[in-house]
Each structure stands twice: as structure tokens, then as C-alpha cells.
Amino acid sequence: MHPLAGWGKTLNRWIAALLTLIVLASCERHREAASPGLLTLAIDAGPGSLDPRLGGDESSRRVHQLLFNGLVRFDEHGEPRGDLASSWDHPEPLLYVFHLRKGVRFQDGRPFTSDDVRYTIESILNDEVPSFHKGDLSAIRSVETPDSATVRFLLKAPFAPFVSTLSQGILPRGTGGEIGSRPVGTGPFRLLRHRKDQDLEFEAFDGYFEGAPPVPRLRLKIVPEAISRQQELLKGSVDLVVNDLTPDQVEALRRERSLRVLASPSNSYHYLGFNLEDPILRDAGVRQAVACAIDRARMVRILLSGLARPSTGLLP
């Protein structure tokens with residue numbers, strides 16, 4: 001095994017925190033003919049799964065955010081806020097009580113209740129699906145639904161980040177294998193079409209509890225190559241690319257009058273992981289020497305075109 005192969009148990013301190021980069025078309029005269037009310041976003045790969053209990057890749061997460069809601073969501077500061085839950089209480093170290101929004105419906109018209117929350121959580125804990133969320137939810141001892149608008153979580157032991165684990169999408173009770181091809185959630189969009197390795201098309205859900213989104217239709221177009229995504233932007237066949245262009249491409253696109261580049265801090269990062277089973281890298285002095293030998297400032301300036309900043313750890 002190469003000395004730097006594998007996930008290290010410790011990380012050095014040359015992590016680069018990246019920016020969220022959005023490039024969007026802003027001048028209609030450069031666009032090709034497109035359907036009215038349709039916004040097209042280019043992505044690098046299709047979702048691994050449409051089931052929010054599965055699919056941990058970035059494309060899956062993007063799709064899940066369109067179709068589903070969790071009990072909580074994260075705001076621009078990374079803090080959990082109510083989503084399907086209007087509020088929650090923590091009256092005892094091992095007890096959390098969530099109070100659900102009233103009047104929420106799934107995209108097929110079914111009312112959203114506490115039974116749907118219990119089903120979703122228990123389907124993960126009981127291995128109905130092999131979900132990567134199980135580890136996050138393993139602190140739960142039991143889920144209780146005293147009424148249709150209340151969910152009580154009893155934990156096995158105190159677990160400070162528990163609320164943050166409840167952002168995965170909630171499914172209707174009794175959902176079967178059809179979720180993979182015909183997903184039904186409470187989210188702002190419903191799926192119209194999914195052509196594997198080509199695109200996904202969505203329409204606004206008029207019954208969304210926060211009001212129908214301002215974009216009537218949304219298309220996620222799968223464009224694997226970064227240079228092709230750049231060309232699609234330039235010719236106007238896509239409207240938007242989020243975090244799927246190289247720093248050099250972003251700098252080139254800044255000069256295009258028909259495009260706008262928006263940047264904001266992100267919680268993405270690059271890092272070097274050490275294989276501590278290696279007899280050389282087991283020595284902390286060697287790892288420190290490697291870290292000191294890397295010119296992070298130059299990497300940020302040249303390789304990342306200034307679109308990052310040095311970090312001191314994993315937490316943003």
C-alpha cells in the first residue's frame with residue numbers, strides 16, 4: 001500500500017476550505033430557445049438513489065432536497081431549524097419531543113402525520129433498507145407517536161448532535177420499492193421524468209406548505225465533463241452550474257458578459273489523509289514534516305485561483 005493511501009485516523013492541518021461557486025446565465029440574448037418557465041441546472045452525475053434513506057452522493061442530496069423535507073433543515077450558518085417540525089423540546093437528557101407542522105401534505109395528497117416520521121426512522125433502524133443514516137440514528141431507543149402531530153424520541157444515552165441527525169427526508173408510511181422510481185415527498189418539487197444518465201425533470205408542487213416555488217419547472221441535466229458544462233453555459237443550453245467547474249474555468253467565465261459568478265463561503269474542504277498503519281507515517285514527526293513542507297498559500301493562490309482559504313481542522 002502506498003504510504004498516503006487510505007483514510008487516515010488523523011489529518012494534517014493543510015486543509016483548504018473552498019467556496020460555493022454558482023455560475024448562471026444572466027443575458028437572454030445569448031440563450032438557445034428554451035421552454036418558458038424551465039430552469040436547467042447542469043450536474044456532473046446522476047443521483048445514486050431517489051430514496052432519501054439511500055444515496056449519500058452529492059447528486060442524490062440535491063435531488064432529495066427538491067423532493068423531500070426532514071424534521072429539520074440547516075440555515076445559512078449551519079444551524080438546525082424547523083422544517084416539517086415547527087418546534088421541539090428537550091425536557092430530559094434522553095427525551096426529545098418534536099411538534100409537527102399542521103396542514104402539510106405529500107405530493108400525492110396524503111396528509112403528513114407523526115406515523116410517517118416513525119415509519120421512516122424505524123425502516124432505517126430495522127434494516128428495511130441498508131441506509132447509511134442508521135449509524136446517526138443508532139442513539140434512538142424508541143420512537144413514540146402519542147398523536148398525529150407529536151413525535152417522541154427516547155435515546156439510549158445523551159447524544160448532543162441528535163437534532164442534526166433528523167434532516168433526512170420523510171417518506172409516507174408504508175412506502176415500498178416504488179420509491180426508487182416514483183418518489184413521493186412533501187418537498188417543493190415533484191418528479192416528472194428521470195432518464196438515466198441524461199436528466200431529471202421536476203415541476204413545482206402547488207401544495208407545498210411554504211408556497212409553490214417561483215420556478216415552475218426545473219431540469220437537472222447530467223453533463224459529466226467539466227469542459228462540456230462550461231460550453232453548455234456559454235451557448236445557453238443550461239442556466240446554472242453550482243460547484244461543478246474548475247477554478248480556471250470560473251476565472252474564464254467571469255469575463256463573459258452573459259454570465260454571473262456568485263461566490264460564498266462553503267463547508268467543503270480538501271485534505272491529506274495519512275495511513276497510520278504505515279511504519280514511516282506512524283511517526284508524528286514525519287507527518288508534521290509533510291504538513292510543513294506543503295505551501296498552502298501558494299496552492300490556494302495558483303491551483304485554486306484564490307477560491308479557498310487555509311483551514312485548521314474539519315469544523316467550519
Side-chain angles (χ1 to χ4, degrees), residues 1-27 41-45 48 56-62 74-79 164 222-235 238-316:
M1 179 180 289
H2 190 278
L4 298 184
W7 290 88
K9 298 177 184 176
T10 61
L11 303 172
N12 72 1
R13 295 181 177 272
W14 66 276
I15 300 167
L18 307 182
L19 294 176
T20 295
L21 292 166
I22 302 176
V23 182
L24 64 159
S26 62
C27 184
L41 168 69
I43 59 177
D44 64 345
D57 56 283
E58 181 62 26
S59 292
S60 293
R61 286 193 291 267
R62 287 176 173 176
F74 298 99
D75 64 17
E76 65 273 18
H77 303 295
E79 296 290 335
S164 298
I222 301 168
V223 185
E225 300 298 328
I227 187 64
S228 298
R229 292 191 290 275
Q230 180 181 11
Q231 292 303 314
E232 297 256 15
L233 273 170
L234 290 171
K235 70 182 183 181
V238 303
D239 302 292
L240 186 67
V241 176
V242 180
N243 272 3
D244 280 333
L245 295 168
T246 67
D248 288 344
Q249 289 176 313
V250 172
E251 292 310 300
L253 292 172
R254 286 187 192 275
R255 299 189 290 269
E256 292 292 328
R257 297 180 61 185
S258 62
L259 301 173
R260 293 177 60 202
V261 176
L262 307 178
S264 63
S266 169
N267 59 3
S268 301
Y269 53 87
H270 290 325
Y271 66 90
L272 179 63
F274 291 111
N275 174 16
L276 299 190
E277 300 300 321
D278 182 271
I280 297 176
L281 294 177
R282 192 177 299 157
D283 185 339
V286 173
R287 300 196 300 273
Q288 291 170 354
V290 173
C292 291
I294 296 172
D295 190 341
R296 297 192 299 162
R298 189 178 183 194
M299 291 176 64
V300 168
R301 185 176 70 253
I302 297 175
L303 296 180
L304 299 175
S305 301
L307 299 175
R309 60 185 179 185
S311 183
T312 58
L314 293 173
L315 300 180

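Start at 1 with the first residue, then count along the sequence.
No side-chain donor-acceptor contact under 3.5 Å links S228 to the backbone of V223. Counting only distance, with no hydrogens or angles, the side chain of E256 and the backbone of L253 share no donor-acceptor pair below 3.5 Å. A donor-acceptor pair under 3.5 Å links the side-chain atoms of R296 to the main chain of S311, judged by distance alone.
Taking both residues in full, the closest heavy atoms of A226 and L245 are given as O-CD2, 4.0 Å, listed atom of the first, atom of the second, then distance. The shortest heavy-atom contact between D57 and G48 is OD1-N, 3.3 Å. Residues V241 and D244 come closest through the heavy atom pair CG1-CB, 3.7 Å.
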Yes or no on side chain to side chain contact (heavy atoms under 4.5 Å, CB included) for R62 and V242, after CA distance, side-chain angles and deciding distance? CA-CA 11 Å; R62 287 176 173 176; V242 180; 4.0 Å; yes

Would I227 and Q249 count as a side chain to side chain contact (heavy atoms under 4.5 Å, CB included) here? Give the steps. CA-CA 8 Å; I227 187 64; Q249 289 176 313; 4.1 Å; yes

Can you list the steps and then say if E251 with L307 is a side chain to side chain contact (heavy atoms under 4.5 Å, CB included)? CA-CA 10 Å; E251 292 310 300; L307 299 175; 4.2 Å; yes

Stepwise side chain to side chain contact (heavy atoms under 4.5 Å, CB included) check, F274 with V286: CA-CA 10 Å; F274 291 111; V286 173; over 6 Å; no

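Separation of atoms OG (S258) and CG (L233) is listed at 8.5 Å; rounding is to 0.5 Å. For the atom pair D248 CG and S305 OG, the distance stands at 5.0 Å (nearest 0.5 Å). In this structure, the separation between CG on L259 and CZ on R255 is 12.0 Å, given to the nearest 0.5 Å. To the nearest 0.5 angstrom, I43 atom CD1 is 11.5 Å from L240 atom CG.
With sequence neighbours left out, the side chain to side chain contact (heavy atoms under 4.5 Å, CB included) criterion links R298 to D295, R301, I302.
Contact of the P247 side chain with the L303 side chain is not registered, since no non-hydrogen atoms from C-beta on lie closer than 4.5 Å. Residues L276 and R287 form a side-chain contact, since some pair of their non-hydrogen atoms from C-beta on lies under 4.5 Å apart.
Note on R229 versus E232: no salt bridge recorded, every NZ/NE/NH1/NH2 to OD/OE distance being 4.0 Å or above.
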